[in-house]
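These figures come from a predicted structure and were not determined experimentally. Along the sequence shown, residues carry numbers from 1.
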Amino acid sequence: MDSMEKIEIDVNAPSVIDRYYTRWYRTDLKGKSCEDHCILQHSNRICVVTLAETHPILQDGRTIKGINYKISNGCSRLNNKVSGKSKRGGQFLTDFAPLCRITCTDETEYTIYSCIRGRLLEVNEDIIKRPSLLLEKPSTEGYIAIILPKLEESKAITENLLTREAFESVVSKRGSAQPQPC
């Protein structure tokens with residue numbers, strides 16, 4: 001057999017995100033039009049909170065001035081300390097718990113919410129140092145936070161979330177109903 005066999009590479013192979021994560025969406029959070037969030041749920045139930053591609057931060061060539069994980073005087077997501085196998089010590093979040101506030105250079109401020117109940121495992125400190133990651137790679141290196149839902153709630157967390165198809169339907173209806181962009 002010839003040692004120089006041809007190897008066919010599938011250029012349409014799915015990305016790691018598409019392969020191992022299920023995308024879930026939350027639209028118009030807290031009644032704010034187009035402020036959509038995306039939750040990437042891994043089969044091990046860990047969830048990664050990201051911005052949906054329709055979020056205003058990712059539109060119209062905006063640039064980010066700053067990202068602040070300090071929610072109030074007594075609460076900073078940066079102080080979250082998790083330890084051990086059962087991830088003790090992580091802050092417990094509800095569906096509408098704020099994770100951070102993002103300020104754009106035009107002084108518009110957006111609050112990013114957890115969208116699911118669970119224990120905060122990690123916030124992405126890299127986007128504080130390099131906010132451009134959030135714009136360039138929102139689903140990978142520019143993620144907001146990682147949350148671990150309770151085992152008994154891991155199936156129920158998706159009840160308030162939309163599938164990709166349902167999200168695309170909402171976005172298409174939004175486009176036909178509103179003359180101005182989000």
Side-chain angles (χ1 to χ4, degrees), residues 15 17 21 23-41 46-82 90-148 157 160-162 164 166-182:
S15 69
I17 299 293
Y21 292 84
R23 290 178 192 262
W24 297 96
Y25 294 89
R26 193 87 182 245
T27 58
D28 302 332
L29 224 56
K30 294 259 187 169
K32 296 180 180 173
S33 181
C34 299
E35 290 195 23
D36 307 329
H37 294 44
C38 178
I39 308 298
L40 303 173
Q41 184 182 36
I46 287 178
C47 295
V48 180
V49 179
T50 67
L51 296 178
E53 54 271 15
T54 55
H55 197 285
I57 292 174
L58 302 177
Q59 305 302 313
D60 303 324
R62 290 192 174 199
T63 52
I64 297 173
K65 180 179 176 182
I67 300 168
N68 189 357
Y69 281 105
K70 186 175 181 179
I71 304 308
S72 66
N73 288 335
C75 180
S76 173
R77 301 297 181 213
L78 293 172
N79 294 336
N80 189 59
K81 301 290 182 227
V82 178
Q91 298 171 9
F92 188 77
L93 306 171
T94 61
D95 297 29
F96 293 108
L99 290 171
C100 68
R101 290 190 178 82
I102 300 173
T103 307
C104 295
T105 51
D106 64 358
E107 298 303 321
T108 311
E109 186 176 272
Y110 298 95
T111 302
I112 308 303
Y113 297 94
S114 63
C115 300
I116 58 171
R117 290 171 41 90
R119 192 164 304 283
L120 180 64
L121 298 184
E122 173 183 316
V123 295
N124 187 0
E125 293 184 41
D126 291 342
I127 61 174
I128 296 171
K129 299 171 200 141
R130 288 187 39 216
S132 62
L133 282 175
L134 189 62
L135 301 171
E136 296 163 6
K137 301 175 181 182
S139 295
T140 55
E141 294 174 51
Y143 71 95
I144 306 293
I146 299 174
I147 299 172
L148 179 65
I157 62 161
N160 296 325
L161 303 175
L162 301 174
R164 180 135 185 116
F167 173 70
E168 288 171 355
S169 173
V170 167
V171 170
S172 67
K173 287 176 188 169
R174 188 188 283 159
S176 63
Q178 296 177 342
Q180 74 275 9
C182 294

Of all the heavy-atom pairs spanning Phe167 and Ala52, show the shortest one and how long it is. CZ-CB, 4.0 Å
Report yes if some heavy atom in the side chain of Ile144 is under 4.5 Å from a heavy atom in the side chain of Val123; otherwise report no. no
Can you check whether Phe92 reaches Arg117 side chain to side chain, under 4.5 Å on heavy atoms? yes
For the atom pair CG (Asn80) and OH (Tyr69), what is the distance rounded to the nearest 0.5 Å? 11.0 Å
Gap between atom CZ of Arg23 and atom CD1 of Ile39 - 0.5 Å precision: 12.0 Å
Could you give the distance from CG (Leu162) to CG (Asp36), rounded to the nearest 0.5 Å? 9.0 Å
Determine the sole option in Ile116, Leu161, Asn160 for which the side-chain contact (heavy atoms from CB on, under 4.5 Å) test with Asp95 is passed. Asn160
Separation between OG1 (Thr63) and CD1 (Ile57), nearest 0.5 Å, reads 11.0 Å
Quick check: do Leu135 and Ile64 have side-chain heavy atoms less than 4.5 Å from each other? yes
All heavy atoms of Leu133 vs all of Glu141, minimum pair found to be CD2-OE1, 3.7 Å
Tightest non-hydrogen contact, residues Leu134 and Ile127, listed as N-CG2, 4.3 Å
Has Thr50 got a side-chain atom pairing as donor or acceptor with Cys38's backbone, closer than 3.5 angstrom? yes
Within the side chain of Arg77, is there an N or O that forms a donor-acceptor pair under 3.5 Å with the backbone of Pro98? yes
Ignoring hydrogens, what is the shortest heavy-atom contact between Leu78 and Lys81? Give both atom names and the distance. O-NZ, 4.0 Å
Check the pair His55 / Tyr110 against side-chain contact (heavy atoms from CB on, under 4.5 Å), numbers first and verdict last. CA-CA 10 Å; His55 197 285; Tyr110 298 95; 3.8 Å; yes
Between Arg164 and Glu53, is the closest basic N to carboxylate O distance under 4.0 Å? yes
Taking the side chain as every heavy atom from C-beta outward, state whether Lys30 and Glu35 have any pair of such atoms under 4.5 Å apart. no
How far does OG of Ser114 sit from CD of Gln91, to the nearest 0.5 angstrom? 11.0 Å
From Ile146 atom CD1 to Glu122 atom CD, the distance as rounded to the nearest 0.5 Å: 4.0 Å
Please examine the side chains of Leu121 and Ile147, heavy atoms only from C-beta on, and report whether any two atoms are closer than 4.5 Å. no
Check whether any side-chain heavy atom of Arg62 sits under 4.5 Å from a side-chain heavy atom of Thr108, and report yes or no. yes
Heavy-atom pair with the smallest gap, counting every atom of Pro56 and Cys34: CD-O, 3.3 Å
Any side-chain heavy-atom pair from Val171 and Arg174 closer than 4.5 angstrom? yes
Nearest atoms (heavy-atom pairs only) where Thr111 meets His37: O-NE2, 4.1 Å
With a 4.5 Å heavy-atom cut-off, do Thr54 and Thr27 have their side chains touching? no
